[in-house]
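Side chains are part of it too, since the values below use all heavy atoms of this structure and drop only hydrogens, waters and symmetry mates. We count ligands from 1, going down the list as the structure has it; atoms in each ligand are counted the same way.
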Amino acid sequence: MPKSINIAVDGYSSTGKSTLAKDLAAALGYRYVDSGAMYRGVTLYALKNGLIKNGRIAENLADYLEDMHLEFIFNRERGASDLHLNGEDVEEEIRELEVAKYVSDVASISEVRKFLVKAQQKMAGKKEVVMDGRDIGTVVMPDAELKIFVTARQAVRTSRRHGELIRRGKDVTKQEVEANLMQRDLIDSTREDSPLMQAEDARLLDNSELSLKEQLEIGLNWAKETLATT
Ligand code: CDP
Ligand code: CDP
């Protein structure tokens, strides 16, 4: 019987987690789950429904969680899954800087985490899942057979994310991008509930000097090693 594993990919903002996770999933024929997109989806709902006003998040945001139907639907054109929020494709919108500004505060709310972790664990239940985020190896899939913690130098991460936003036609400065990444990393790694940290049994991957192809090669070797010894 073929073996199947789950792979957890965690790390700081804009380190290349989702690209690595997506590429690993494609190479192994596994399902990719972007847990960050789900936190972004909740944040977008809050912005659209007046639950974030004048920079403040409504205290009762969690009361609305049951009204948020989040679903990943495959987009043939992109060759990847788009996040749908209550039936609408919001894949583009959740990547806006406005969403990025508030997402880490929304993700610090324990009820929000509980709600999304439950959905993520359901998706991981059948194995053959590669999921990326901040607490995947520590909380969502503590039993994942392979855990990767990705990091890269701050300046490299800023340039990569800035370049990506510019390519998508967004009018943002490097300074704005850097401030957002630093602010999110600080909130994500210091929050009380499931802070971002490297799981004890995770392998560290610094990809500052690595191409997408090189980082995939390393991840794939680890996956093959894990499959051979599981
Ligand atoms: O892609 P990027 O690194 O910019 O972030 P993301 O993966 O889309 O995640 C957006 C935000 O969601 C993070 O900055 C965290 O605040 C939150 N998040 C989280 O708390 N736990 C996760 N498992 C995934 C994301
Ligand atoms: O998911 P996360 O926010 O950690 O990062 P990402 O969206 O996978 O990657 C952010 C940007 O960095 C993308 O444009 C990637 O193509 C780029 N990147 C890169 O140029 N070289 C790497 N080794 C990793 C990512």
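- Here's the thing with Ser104: one of its N/O atoms is less than 3.5 angstrom from an N/O atom of ligand 1.
- Between Glu88 and Lys48, at least one side-chain nitrogen of the basic residue sits less than 4.0 Å from a carboxylate oxygen of the acidic one, meeting the salt-bridge criterion.
- Using a 4.0 Å cut-off between heavy atoms, Met38 makes no contact with ligand 1 at all.
- Gln154 and Thr158 are linked by a side-chain donor-acceptor pair at a separation below 3.5 angstrom, with hydrogens and angles left out of the test.
- For the pair Val130/Val9, a side-chain contact is recorded, criterion being any heavy-atom separation below 4.5 Å from C-beta on.
- In the model, Asp132 has no side-chain atom that pairs as donor or acceptor with a side-chain atom of Ser18 under 3.5 Å.
- The part of Arg113 lying near ligand 1 is the side chain, judged by heavy-atom distances below 4.0 Å.
- Arg153 and Asn207 are not linked by any side-chain donor-acceptor pair at a separation below 3.5 angstrom, with hydrogens and angles left out of the test.
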Table of N or O contacts for ligand 2, cutoff 3.5 Å:
unit_1, atom_1, unit_2, atom_2, d
ligand 2, 1 (O), Ser18, N, 2.8
ligand 2, 1 (O), Ser18, OG, 2.7
ligand 2, 3 (O), Ser14, N, 3.1
ligand 2, 3 (O), Arg161, NH2, 2.8
ligand 2, 4 (O), Thr15, N, 3.0
ligand 2, 4 (O), Thr15, OG1, 3.4
ligand 2, 4 (O), Gly16, N, 3.0
ligand 2, 4 (O), Lys17, N, 2.9
ligand 2, 4 (O), Lys17, NZ, 2.7
ligand 2, 5 (O), Gly16, N, 2.9
ligand 2, 7 (O), Ser18, OG, 3.2
ligand 2, 8 (O), Ser18, N, 3.4
ligand 2, 8 (O), Ser18, OG, 3.0
ligand 2, 8 (O), Thr19, N, 2.9
ligand 2, 8 (O), Thr19, OG1, 2.4
ligand 2, 14 (O), Glu164, OE1, 2.9
ligand 2, 21 (N), Arg160, NE, 3.4
ligand 2, 21 (N), Arg160, NH2, 3.4
ligand 2, 23 (N), Arg160, NH2, 3.3
ligand 2, 23 (N), Leu210, O, 2.8
ligand 2, 23 (N), Gln215, OE1, 3.2

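- Atoms of ligand 1 lying under 4.0 Å from at least one heavy atom of Ser35, given by number and element, are 22 (C), 23 (N), 24 (C).
- For Phe149, the ring pair (Phe, Tyr, Trp, His ring centres under 6.0 Å) test picks out Tyr12, with sequence neighbours left out.
- Residues forming a side-chain contact (heavy atoms from CB on, under 4.5 Å) with Asn86 (at least two apart in sequence, or on another chain): Tyr45, His69.
- Of all atoms in ligand 1, numbered sequentially from 1 with element shown, those under 4.0 Å from a heavy atom of Arg40 are 2 (P), 4 (O), 5 (O), 6 (P), 8 (O), 10 (C).
- Against a heavy-atom cut-off of under 4.0 Å, Asp188 is close to the following atoms of ligand 1: 13 (C), 14 (O), 15 (C), 16 (O).
- If you number the atoms of ligand 1 from 1 as listed, the ones under 4.0 Å from a heavy atom of Ala107 come out as 16 (O), 17 (C), 20 (O).
- Using a 4.0 Å cut-off between charged side-chain N and carboxylate O, Glu111 and Lys114 make no salt bridge.
- A salt bridge is defined here as a Lys NZ or Arg NE, NH1 or NH2 lying under 4.0 Å from an Asp or Glu carboxylate O, and Arg78 with Asp89 fails to meet this definition.
- Close approach of ligand 1 to Asp135 (heavy-atom distance below 4.0 Å) involves ligand atoms 21 (N), 22 (C), 23 (N).
- Among residues at least two apart or in separate chains, salt bridge (charged side-chain N to carboxylate O under 4.0 Å, His left out) pairs with a member in residues 6-35 are Asp34-Arg95.
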